[in-house]
Visitor: 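Quick one: the structure is below, and I'll ask about it shortly.
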Amino acid sequence: MKIICRKFKSNETKRGLKILSKKSIAVFSAIAAALIMYSAIQPQPDALQSVFAVSNSNHSDIGYTINADQPLTVDDDLTDVFLDGEEIDSGVSASYDGELDIPTNVRLDKIDFGSDFCKPLDSARVTSLFDYRVNPVTGRYVFHTGIDLGAAQGSNIYAMLGGRVVRAAYDSGYGYFVVIEHSNGIRTLYAHCSKLKVKAGETVNKGQVIALVGSTGNSTGPHLHLEFRKNNQRYDPEWVIGGIYN
C-alpha cells in the first residue's frame with residue numbers, strides 16, 4: 001500500500017519563528033502556569049468517566065448506580081475493546097485511488113454465530129457497512145469495524161444471544177455501549193445507546209432488553225453500531241444479520 005505523508009523542509013520550518021519581546025514572554029509564561037495548575041486539579045480518566053455517566057444519567061438512565069469514587073473495572077482480556085475506537089484509520093486521504101490493505105485485526109471470513117439468535121432491533125435500516133469509508137471530519141479513508149443500523153430514538157436493543165456482560169459504560173467514541181461475551185467466545189458490541197439497561201458482570205438472556213437506541217458518542221443520528229468480535233478480531237456482521245434489515 002502506498003504511504004502518503006507530509007514532508008517539511010528544514011528551511012521552511014524556520015519561517016514561523018520570530019523573536020518575542022520580554023512582555024510577550026511574560027504573558028506566555030503566565031498562561032502556561034495557569035494551564036499547568038488547571039490540569040493538575042482535573043479528575044483522572046476513570047473517575048471522569050464515572051462522573052460523566054452519573055451527571056448525564058441521573059443514575060436511573062443506565063439502570064444502575066455508578067459511584068464516582070469506585071469506577072467500573074475492566075477485565076484484563078478486554079484491552080481490545082478500544083483497540084480501534086470503531087474505525088481504523090488507513091492513513092491515506094480520500095483522494096487516494098489505490099488499493100487499501102485489510103487491517104490486521106479485521107477478518108473477512110464467516111463467523112460461526114449460529115442461526116438461533118434474536119434480532120438486535122425490531123425495525124431498522126442499514127446505514128453503514130463493515131468496510132472502508134471516508135471519514136466526513138478528517139477526509140481520510142477509515143475501516144468501519146461494525147455495521148450501523150438506523151432506528152428510532154429510544155427503540156429497544158436486544159441481546160442477540162445469552163451471555164455475560166463484560167462491559168457496560170461510556171466512551172467518547174462509542175457513547176454508551178454494552179459488550180456481551182457468549183458461550184462460544186464471541187462478543188457482541190452495541191454502541192451509541194441513549195440508555196443502558198444492564199451492568200458489567202450480569203448474565204443476560206437471549207432477547208433481553210440491554211439498552212435503548214441513541215446517538216451518544218461520535219454519532220450523527222440515532223442508530224445502533226453493532227460489532228462481532230472473537231480473539232481480538234472483528235468480523236463482518238453481514239455474515240450473521242445479512243438480509244434481516246434493508
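Heavy atoms only: backbone and side chains are in, while hydrogens, waters and symmetry mates are out.
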Visitor: Donor-acceptor pair, distance only, cut-off 3.5 Å: does the side chain of W239 make one with the backbone of F113?
Guide: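 Pair absent, no side-chain N/O of W239 close to backbone of F113.
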
Visitor: I need the L196 CG to T216 OG1 distance, nearest 0.5 Å.
Guide: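 Going from CG on L196 over to OG1 on T216, the span is 8.0 Å.
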
Visitor: In chain order, what residues pass the side-chain hydrogen bond (donor to acceptor under 3.5 Å, both in side chains) check against S219, with sequence neighbours excluded?
Guide: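 For S219 the side-chain hydrogen bond (donor to acceptor under 3.5 Å, both in side chains) partners, ignoring immediate neighbours, are S215, H223.
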
Visitor: Using a strict cut-off of less than 4.0 Å between a Lys/Arg side-chain nitrogen and an Asp/Glu carboxylate oxygen, indicate whether R125 and D148 qualify as a salt bridge.
Guide: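 Salt bridge flag = no for D148 with R125.
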
Visitor: Determine whether the aromatic ring centres of residues Y190 and F177 are separated by less than 6.0 angstrom.
Guide: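 No, they do not, as the ring centres are separated by 6.0 Å or more.
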
Visitor: Decide, yes or no, whether a salt bridge links K110 with D236 under the criterion of side-chain N to carboxylate O below 4.0 Å.
Guide: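 Looking at K110 and D236, the cut-off is not met.
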
Visitor: Under 4.5 Å between side-chain heavy atoms, counting indirect links through other Ile/Leu/Val/Met/Phe/Trp/Tyr residues: same cluster for V204 and V209 or not?
Guide: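 Result: no, two separate clusters.
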
Visitor: Quick one: closest heavy-atom pair of Y132 and P103, and the distance?
Guide: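 Smallest interatomic distance, heavy atoms only, reads OH-CD, 3.7 Å.
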
Visitor: Apply side chain to side chain contact (heavy atoms under 4.5 Å, CB included) to residues C193 and L212 and explain how you reach the verdict.
Guide: CA-CA 5 Å; C193 310; L212 303 181; 6.0 Å; no

Visitor: If you apply the rule side chain to side chain contact (heavy atoms under 4.5 Å, CB included), what do you find for V240 with Y235, and how did you get there?
Guide: CA-CA 10 Å; V240 179; Y235 289 79; over 6 Å; no

Visitor: Salt-bridge test for E227 and R187: reply yes if a basic N is under 4.0 Å from a carboxylate O, no otherwise.
Guide: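 No, E227 and R187 are not salt-bridged.
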
Visitor: Taking a hydrophobic cluster as the set of Ile, Leu, Val, Met, Phe, Trp and Tyr residues connected by side-chain heavy atoms closer than 4.5 Å, whether directly or through intermediates, do F117 and V178 fall within one such cluster?
Guide: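 Yes: a chain of side-chain contacts under 4.5 Å links F117 to V178.
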
Visitor: Taking atom CG of D112 as the centre, report whether more than 12 heavy atoms of other residues, nucleotides or ligands fall under 6.0 Å from it.
Guide: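 No, the 6.0 Å shell around CG holds no more than 12 heavy atoms from other groups.
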
Visitor: Are the side chains of L121 and Y245 in contact, using a 4.5 Å heavy-atom criterion?
Guide: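 Answer yes - side chains close enough.
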
Visitor: Would you give the length of the straight line joining atom NE2 of H192 to atom CG of L149, rounded to the nearest 0.5 angstrom?
Guide: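 Between atom NE2 of H192 and atom CG of L149 there are 11.0 Å.
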
Visitor: Enter the distance from I147:CD1 to F228:CZ here, rounded to the nearest 0.5 Å.
Guide: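 It comes to 9.0 Å.
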
Visitor: Pick out which of D89, V92, V134 makes a side-chain contact (heavy atoms from CB on, under 4.5 Å) with V142.
Guide: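 It is D89; the other options fail the test.
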
Visitor: Quick one: pull up CD in E202 and CD1 in I180 and give me the separation to the nearest 0.5 Å.
Guide: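 Atom-to-atom, E202:CD and I180:CD1 are 10.0 Å apart.
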
Visitor: Could you tell me which non-hydrogen atom of Q233 sits nearest to which non-hydrogen atom of V106, and how far apart they are?
Guide: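 Minimum heavy-atom separation between Q233 and V106: OE1-N, 3.7 Å.
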
Visitor: One pair to check against side chain to side chain contact (heavy atoms under 4.5 Å, CB included): K206 and D116. What are the steps and the verdict?
Guide: CA-CA 9 Å; K206 181 182 73 173; D116 184 24; 2.9 Å; yes

Visitor: Looking only at non-hydrogen atoms, find the nearest pair between A151 and S123 and report the distance.
Guide: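 Heavy-atom minimum between the residues: CB-O, 3.8 Å.
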
Visitor: So, R140 and S90: side-chain donor and acceptor under 3.5 Å apart, yes or no?
Guide: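 Checked: R140/S90 side chains show no N/O donor-acceptor pair below 3.5 Å.
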
Visitor: Examine F143 together with F130 and report whether their ring centres are nearer than 6.0 Å.
Guide: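 F143 vs F130: aromatic centres under 6.0 Å.
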
Visitor: Show the numbers, then the answer: is there a side chain to side chain contact (heavy atoms under 4.5 Å, CB included) between L129 and E238?
Guide: CA-CA 8 Å; L129 295 172; E238 279 287 293; 4.2 Å; yes

Visitor: For a 4.5 angstrom cut-off between non-hydrogen side-chain atoms, does M160 reach L226?
Guide: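 In contact.
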
Visitor: Using 30° and 60° as the class boundaries, would you call the ring planes of Y174 and H225 parallel, tilted or perpendicular?
Guide: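 Rings of Y174 and H225: tilted, 30 to 60°.
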
Visitor: Under a 4.5 Å cut-off applied to non-hydrogen side-chain atoms, are R164 and V166 in contact?
Guide: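 Answer yes - side chains close enough.
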
Visitor: What is the minimum heavy-atom distance between L224 and P120, and which atoms define it?
Guide: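 Result for this residue pair: CD2-CB, 3.9 Å.
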
Visitor: Considering all heavy atoms of both residues, which atom of C118 and which atom of A159 are nearest to each other, and what is their separation?
Guide: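 Heavy atoms of C118 and A159 come nearest at CB-O, 3.8 Å.
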
Visitor: Mark yes or no for whether H182, through its side chain, and N184, through its backbone, hold a donor-acceptor pair below 3.5 Å.
Guide: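 Not at all, since once roles are kept as given, no pair shorter than 3.5 Å links the two residues.
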
Visitor: Give, for atom NE2 of H144 and atom CZ of R133, the distance between the pair rounded to the nearest 0.5 Å.
Guide: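 Rounded to the nearest 0.5 Å, the NE2-CZ separation comes to 4.0 Å.
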
Visitor: Heavy atoms only: give me the nearest A168-A200 pair and the separation to one decimal.
Guide: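 Scanning both residues completely, I find the closest heavy atoms to be CB-N, 4.0 Å.
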
Visitor: Measure from the side-chain N and O atoms of R234 to the backbone N and O of N232, and report whether any donor-acceptor pair falls under 3.5 Å.
Guide: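 Yes, the answer is positive, given that a donor and an acceptor are paired below the 3.5 Å cut-off.
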
Visitor: Between the side chain of Q208 and the main-chain N/O of N205, is any donor-acceptor distance below 3.5 Å?
Guide: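 Checking the backbone N and O of N205 against the side chain of Q208, a donor-acceptor pair under 3.5 Å is found.
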
Visitor: Taking C-beta and beyond as the side chain, do L189 and R167 meet within less than 4.5 Å on heavy atoms?
Guide: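 They are not in side-chain contact.
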
Visitor: Got a second to check how far K195's NZ is from Y176's OH, nearest 0.5 Å?
Guide: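 OH of Y176 is found 10.5 Å from NZ of K195.
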
Visitor: Do you see a donor-acceptor pair shorter than 3.5 Å between the side chains of Y158 and D122?
Guide: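 Yes, side-chain donor-acceptor contact under 3.5 Å.
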
Visitor: Would you tell me whether N218 and E86 have side-chain atoms, one donor and one acceptor, within less than 3.5 Å of each other?
Guide: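 No, E86 and N218 have no side-chain donor paired with an acceptor closer than 3.5 Å.
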
